[in-house]
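Here is the structure we will look at, set down as structure tokens.
In listed order, ligands and their atoms are each counted from 1.
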Amino acid sequence: MLSYLSTRGDVTNKNFTDVLLSGLASDGGLFIPSSHPDLDTNRLRSFQGLSYAQIAMQVIKPFVNNDIDDDVLAALIADTYSADNFDHDAIAPLVQIGPNAWILELFHGPTFSFKDYAMQLLGKLFDHVLEQRGQRITIVGATSGDTGSAAIEACKNCKNIDIFILHPEGRTSDVQRKQMTSVDSPNVHNIALKGTFDDCQAFVKDLFADTKTAEKIGLSAVNSINWARIMAQTVYYAAASAALGAPDRSVSFAVPTGNFGNVYAAWTAKQAGLPIEKLVIGTNRNDILTRFFETGRMQVGSVEPSLSPSMDIQVSSNFERYLCHLMQHDYTSLKKMMNSFKTEKTFNISNDLMDAARHDFRAYRCTDEQTTDMIGTTYASTGYTIDPHTAVALHAATQVLPSDPSTPIVTLACAHPAKFPDAVKKATGVAPAMPEKLAAVMDMKEHFTVLDNDYDKVRDFIVSESSAA
Ligand SMILES: *Cc1c(COP(=O)(O)O)cnc(C)c1O
């Protein structure tokens, strides 16, 4: 029976809904499944011709493992991956840009980034489970980019959730802020903090540490370490593989990577039997992962701004999940490494393990200049417009192509180019076409509360506005 355990080994035998609601394990680790479901050849073959929602049900069901009734789960999934939420019938369409080169478009959800693909389902799963348990929760998060708007869109109609998203006043892009603040729903609370993104994040952490308040409001999070987000992301790898001929043909994927969530979902799909040949990681100048694969040493640097801001990250939280597998669940050593990483900002792994890791992944960095070049040359040679995050992944994909021309390589397009109009226009000379819905957001009334950079004021505001308190 599939259950869930913590990467630190002190929490075991949890069921799916517990893992969904708790996010992080109580020993400080991340939840992983005790085994991987088996997508055997016959099942993979049956995916050909199925809708995205039908494939999603097949892929997700074993992970949920009867914790939610099949008919309820199927209805939640069908509701999520529908024409109401996504503006393309295929949900995650493939576009061919070369003989064996494809783009997987993951920007057809309500906020035009791939985060919608998991977050939309998460909102519905949360609401269903909370309803059943007669529980209410308060989700609090900090954002500088895509996560905040995806979380707000996912929760705005949830009866049992209040959501508070903090952003630094005057320090987000207009598009990104308006995607959050244009949502007019009584359970959605945007806070513009008179501070920086780091202040926002520190207050969220303070709130979790303030256990009395946390308990009172039923504090929860939908950040990228929630297992259910990984689970939901495995679906588009299966759908893309099926469309390109799985189980009879293998494909490779190139993934723009920050927190290691998305590429870990690809690895999970491979563990479950999906015929994936190579997993290619693209990083920008914040290249902690690329340096790791070069040297065997994980070493935190300082975060530098880049053209692909959603990957301006130095700590790839989800990597611990892969490390647990790589170290064959040697919890004692893993705990030591994670402690060293926390205090010394570094850890090393042995050459043997590095060989295994390099077998699973390869990683390439992409400078801002190379990002701009990639957007420009792709547009010039194919007429297709990519965003800067996609460019980082496509750059990585071109590094592996020559060694293996017979396997299709699929590059993930994780954001719509219109979310980054300046970078795209600079590279192509043409402003990207703005989807109607994104353009409409720019003229809508904004809803937010400005708060001083003061923890007590933020806490008091959240407690007074949350209906769970
Ligand atoms: C969040 C994000 C990423 C990074 O994804 P991870 O799962 O953190 O590796 C890449 N590109 C875009 C556009 C994003 O929004």
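Looking at atom 11 (N) of ligand 1, its nearest protein heavy atom turns out to be H389 CD2, 3.5 Å. What sits closest to atom 10 (C) of ligand 1 on the protein, heavy atoms only, is M311 CG, 3.6 Å. Atom 6 (P) of ligand 1 has as its closest protein heavy atom N259 N, 3.5 Å. For atom 4 (C) of ligand 1, the closest non-hydrogen atom of the protein is G258 N, 3.7 Å.
In this pair, F86 and Y117 present their aromatic rings tilted. The plane angle is within the 30 to 60° band. Taking the six-membered ring where tryptophan is involved, the planes of Y322 and F260 are tilted, since the angle between them lies from 30° to 60°. Classified by interplanar angle (parallel below 30°, tilted 30° to 60°, perpendicular above 60°), the ring pair W227/Y4 is tilted.
The two residues D368 and L307 come nearest to each other via the heavy atoms OD1-N, 3.1 Å. Between N348 and M337, the shortest heavy-atom contact is O-CE, 4.2 Å.
At least one heavy atom of F114 sits closer than 4.0 Å to an atom of ligand 1.
In terms of polar-atom proximity, N262 is counted as a contact of ligand 1, with an N or O under 3.5 Å from an N or O of the ligand. For ligand 1, none of its N or O atoms has an N or O atom of C414 under 3.5 Å away. Note: an N/O pair closer than 3.5 Å links F260 and ligand 1 by distance alone. At under 3.5 Å, not a single nitrogen or oxygen of Q233, backbone or side chain, sits near a nitrogen or oxygen of ligand 1.
Contact atoms of ligand 1 toward D146: 13 (C), 14 (C), 15 (O) (distance under 4.0 Å to a heavy atom of the residue). Within ligand 1, the atoms closer than 4.0 Å to a non-hydrogen atom of A415 are 13 (C), numbered from 1 in the order shown. Within ligand 1, counting atoms from 1 as listed, the ones closer than 4.0 Å to a heavy atom of K115 are 1 (C), 2 (C), 3 (C), 14 (C), 15 (O). Applying the 4.0 Å criterion to heavy atoms of T257 picks out, from ligand 1, the atoms 9 (O). Which parts of ligand 1 touch G261 is read off a 4.0 Å heavy-atom cut-off, strictly below it: atoms 6 (P), 7 (O), 9 (O).
By the 4.0 Å N-to-carboxylate-O rule, D27 lies too far from R8 to be salt-bridged with it. Looking at K419 and D146, a side-chain N of the basic residue comes within less than 4.0 Å of a carboxylate O on the acidic one, giving a salt bridge.
A side-chain N or O of T290 and one of T283 form a donor-acceptor pair less than 3.5 Å apart.
To the nearest 0.5 Å, atom CD1 of residue I137 and atom SG of residue C155 are 7.5 Å apart.
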